[in-house]
Amino acid sequence: MSTLPIASPRQVRRAAVALVRSDGRAFAAVLALNAAAALLGLAGPWLLGRLIDRVRDGATTGDVDRVGLLLLGCALAQILLSRQARYLAHRFGERSAAKVREQLLDRVLALPAGTAERAGTGDLTSRGTADSTAVGETLRDAAPELLVACAQILFILGAILTVSPLLGACGLLGVLGIAFAARWYLRRSRPAYLADRAATAGLAETLSATAHGARTVDALGLGPQRLAAGRAAVAEAHRARMRTLHLRLRFFAGINLSYAVPAALVLPLGAVLVAHGAVTPGAAVATALYLQRIVDPLDTVVVLLEGLQSSTAAYARVEGLAPAPASVPAQGGGPAAAPAHEPADDRIRVSGVRYAYPDGPDVLHGLDLDLTPGERLAVVGPSGSGKTTLGRLLAGVERPRTGSVTVGGVPLADLAPERLRRQVVLVTQEHHVFLGTLRDNLRIAAPGADDAALTAALDAVGWQHDLPDGLDTDLGPAATRLDGARAQQLALARVILADPHTLVLDEATALLDPTAARHTERALAAALTGRTVIAIAHRLHTAHDADRVAVLDRGRLTALGPHEDLLAAEGPYADLWHTWRTA
């Protein structure tokens with residue numbers, strides 16, 4: 001299940017109303033044109049019924065010609081009005097779909113990194129692609145057609161009851177049958193479609209994880225396990241899809257039965273009433289034609305209702321990001337507190353910090369750490385000691401279970417994302433190269449930087465200027481593809497351009513060879529002179545170059561001090577150092 005919220009039906013309705021109000025004039029114009037077209041559509045059966053009665057009463061050919069021309073004029077006017085209504089409806093739908101996508105992008109970008117990571121790529125990807133596409137298609141195509149069909153149904157029912165109330169009552173029986181079937185379907189379909197969407201997201205997550213880790217899967221012989229996980233995800237998606245299919249089959253069976261009832265009653269009843277003079281032949285014919293005509297808009301509503309449930313479930317997932325926390329919530333479940341003020345300075349303090357991942361034990365136990373602005377701190381320790389977790393806390397990605405991590409007296413995790421990234425930047429060994437030129441990739445960190453600043457940042461991380469078009473080189477799978485080492489250098493160059501006061505490096509040079517890594521780290525330290533640098537590393541030469549070294553073991557801070565002092569103390573750090581030197 002996703003850790004991201006799903007909007008309630010009330011929230012979806014409120015969001016839809018707000019979306020319509022944002023383009024209210026266009027929506028009102030669509031409604032007016034559709035209403036006029038539906039009214040003109042009622043003229044055909046009524047005029048044909050009048051013509052039958054007048055022919056029975058001895059109408060001339062001139063009378064027939066005039067009624068025929070009137071029928072033709074009404075049909076042409078209806079076509080023109082319907083065309084204009086659909087044109088405006090599609091424009092309204094495209095604008096609304098664009099707003100939904102833009103809102104979704106803004107909300108995803110505002111999510112804390114920890115929240116996005118826990119959600120998984122499959123869930124976020126499906127919300128941004130399949131779900132937003134379904135909402136856009138509904139706003140563009142289904143919504144205008146549904147408005148037209150509903151208007152036609154209301155007007156046709158009114159015309160039937162006006163022409164012959166008794167025969168019109170037969171038509172209402174069919175509508176009541178459809179209403180009962182729709183009520184049964186709507187009560188069951190929303191949870192079924194939400195489960196279908198969630199299963200699709202789970203399948204995407206499983207396939208994405210297997211594809212991205214293909215080399216690891218192959219190296220460790222994990223093919224059977226990943227295949228089993230894929231089959232389980234496919235089976236779950238199949239079960240969810242079959243549930244919605246069974247609901248649709250039962251729904252459509254009830255609808256087809258409701259269609260047959262009015263025609264089966266009106267034809268014999270109309271013949272009896274005409275024979276007894278209760279209605280005219282023209283009225284009976286007009287009623288039968290209206291009942292025949294109402295089938296098409298009813299069928300449109302039924303088909304769109306099924307699709308509307310699917311798109312409503314998709315909109316609930318898209319709109320679910322609206323109340324998602326803009327900063328990381330406390331692990332106890334309470335909302336994050338808004339920062340009372342701006343940080344007083346750049347000093348970072350860790351006080352009594354304990355942290356546990358969801359449904360797990362504490363991995364950090366009462367850590368205390370006071371960082372002096374401008375110092376270089378190395379965090380070392382054996383695997384699983386809590387180094388990466390501490391780095392995420394220091395970068396404001398996660399919030400401690402108890403205790404605090406503050407900058408200038410303000411909790412880091414309470415800062416707004418844009419403010420936080422001006423304070424602290426976390427760089428890991430996982431980097432992304434965006435589609436675009438090398439210049440575009442660098443200016444993500446500093447949109448106003450000129451080419452000289454971009455080149456200086458690349459020089460600082462040891463970049464080899466060997467790309468065919470320099471800063472204008474297109475990057476990406478279909479253009480120039482960067483290997484892992486070059487991608488890491490690009491990420492580090494972005495850090496220099498972003499110029500934060502604190503930098504957290506979590507194995508940020510792991511993909512470089514040892515010599516290049518040490519050169520890059522020293523060049524980066526020189527470029528960030530005066531900035532606080534927290535380096536989390538397994539290569540202990542990083543610790544050798546640091547002002548202080550923090551040693552973690554099983555989530556506890558076991559030693560803290562300069563490299564030479566810790567070596568002289570012959571404690572845990574000295575053991576790590578000697579093990580690393582002899583490895």
K.L.:
State the CG-CD distance between L492 and Q488, to the nearest 0.5 angstrom.
P.N.:
6.5 Å
K.L.:
Between the side chains of T388 and D506, is a donor N or O closer than 3.5 angstrom to an acceptor N or O?
P.N.:
yes
K.L.:
Does V433 form a side chain to side chain contact (heavy atoms under 4.5 Å, CB included) with L490? I'd like the steps, not just the answer.
P.N.:
CA-CA 8 Å; V433 178; L490 175 59; 4.2 Å; yes
K.L.:
So, do Q78 and C74 sit near enough that their side-chain heavy atoms are less than 4.5 Å apart?
P.N.:
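Q78 vs C74: side chains apart.
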K.L.:
Indicate whether the side chain of T389 and that of Y357 have a donor and an acceptor atom separated by less than 3.5 Å.
P.N.:
yes
K.L.:
Can we say R107 and E102 salt-bridge, meaning some charged N sits less than 4.0 Å from an Asp/Glu carboxylate O?
P.N.:
no
K.L.:
Check whether any side-chain heavy atom of Y87 sits under 4.5 Å from a side-chain heavy atom of V30, and report yes or no.
P.N.:
no
K.L.:
So do V234 and L203 actually touch side chain to side chain, heavy atoms under 4.5 Å?
P.N.:
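A side-chain contact under 4.5 Å exists here.
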K.L.:
Answer yes or no: does atom CZ of F434 have more than 12 heavy-atom neighbours from other residues, nucleotides or ligands under 6.0 Å?
P.N.:
yes
K.L.:
For D472, which residues count as a salt bridge (charged side-chain N to carboxylate O under 4.0 Å, His left out) partner, sequence neighbours excluded?
P.N.:
R439
K.L.:
Would you name the heavy atoms of A487 and L482 that are closest together and state the gap between them?
P.N.:
N-CB, 4.3 Å
K.L.:
Would you please test V20 and F92 for side chain to side chain contact (heavy atoms under 4.5 Å, CB included) and show each step?
P.N.:
CA-CA 9 Å; V20 170; F92 164 78; 4.2 Å; yes
K.L.:
Can you tell me how far CG of L247 sits from CZ of R187, rounded to the nearest 0.5 angstrom?
P.N.:
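Nearest 0.5 Å value for the CZ-CG distance: 12.5 Å.
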K.L.:
Looking only at heavy atoms, what is the nearest atom pair of L426 and G391, with distance?
P.N.:
CD1-O, 4.4 Å
K.L.:
Heavy atoms only: give me the nearest P447-I444 pair and the separation to one decimal.
P.N.:
CD-O, 4.4 Å
K.L.:
Hey, what do you get for CZ (R317) to CG (L104), rounding to the nearest 0.5 Å?
P.N.:
10.5 Å
K.L.:
Just wondering, do E319 and I6 contact through their side chains at under 4.5 Å, heavy atoms?
P.N.:
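With C-beta onward as the side chain, the pair stays apart.
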K.L.:
To the nearest 0.5 Å, what is the distance between CG (D196) and OG1 (T244)?
P.N.:
5.0 Å
K.L.:
With no hydrogens and no angle check, do the side chains of S132 and R101 hold a donor and an acceptor under 3.5 Å apart?
P.N.:
no
K.L.:
Just verifying a value: how many Å separate R91 CZ and E94 CD, rounded to the nearest 0.5 Å?
P.N.:
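Rounded to the nearest 0.5 Å, the CZ-CD separation comes out at 10.0 Å.
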K.L.:
Looking only at non-hydrogen atoms, find the nearest pair between V353 and P400 and report the distance.
P.N.:
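What the structure gives for the nearest pair is CG1-CB, 3.8 Å.
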K.L.:
Can R239 and E236 be counted as an ion pair, charged N to O under 4.0 angstrom?
P.N.:
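Counted as a salt bridge, because a side-chain N and a carboxylate O are separated by less than 4.0 Å.
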K.L.:
Which atom pair, heavy atoms only, marks the closest approach of L393 to V405?
P.N.:
O-CG1, 3.6 Å
K.L.:
Considering non-hydrogen atoms only, spot the tightest contact between A449 and L454 and give its length.
P.N.:
CB-CD2, 3.8 Å
K.L.:
List the steps, then state whether side chain to side chain contact (heavy atoms under 4.5 Å, CB included) holds for D414 with R399.
P.N.:
CA-CA 9 Å; D414 285 348; R399 179 186 295 275; 2.5 Å; yes
K.L.:
Is there a side-chain contact between L475 and N441 in this structure, where contact means two heavy atoms from C-beta onward sitting under 4.5 Å apart?
P.N.:
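The answer is yes, as the side chains (C-beta and beyond) meet within the 4.5 Å cut-off.
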K.L.:
Which of these, L415, V407, L394, I348, sits in a side-chain contact (heavy atoms from CB on, under 4.5 Å) with V424?
P.N.:
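The single option meeting the side-chain contact (heavy atoms from CB on, under 4.5 Å) with V424 is I348.
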K.L.:
Are any of the side-chain heavy atoms of V504 and V427 separated by less than 4.5 Å?
P.N.:
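Of all side-chain heavy-atom pairs linking V427 with V504, none is under 4.5 Å.
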K.L.:
Check the orientation of Y185 and Y193. Use parallel for under 30°, tilted for 30 to 60°, and perpendicular for over 60°.
P.N.:
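Perpendicular, since the angle between the ring planes exceeds 60°.
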K.L.:
Could you go through the side chain to side chain contact (heavy atoms under 4.5 Å, CB included) check for K99 and D23 one step at a time?
P.N.:
CA-CA 11 Å; K99 292 175 185 176; D23 201 359; 4.1 Å; yes
K.L.:
Are any of the side-chain heavy atoms of L471 and L442 separated by less than 4.5 Å?
P.N.:
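Result yes, sub-4.5 Å side-chain heavy-atom pair found.
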K.L.:
So, do W184 and R250 sit near enough that their side-chain heavy atoms are less than 4.5 Å apart?
P.N.:
yes
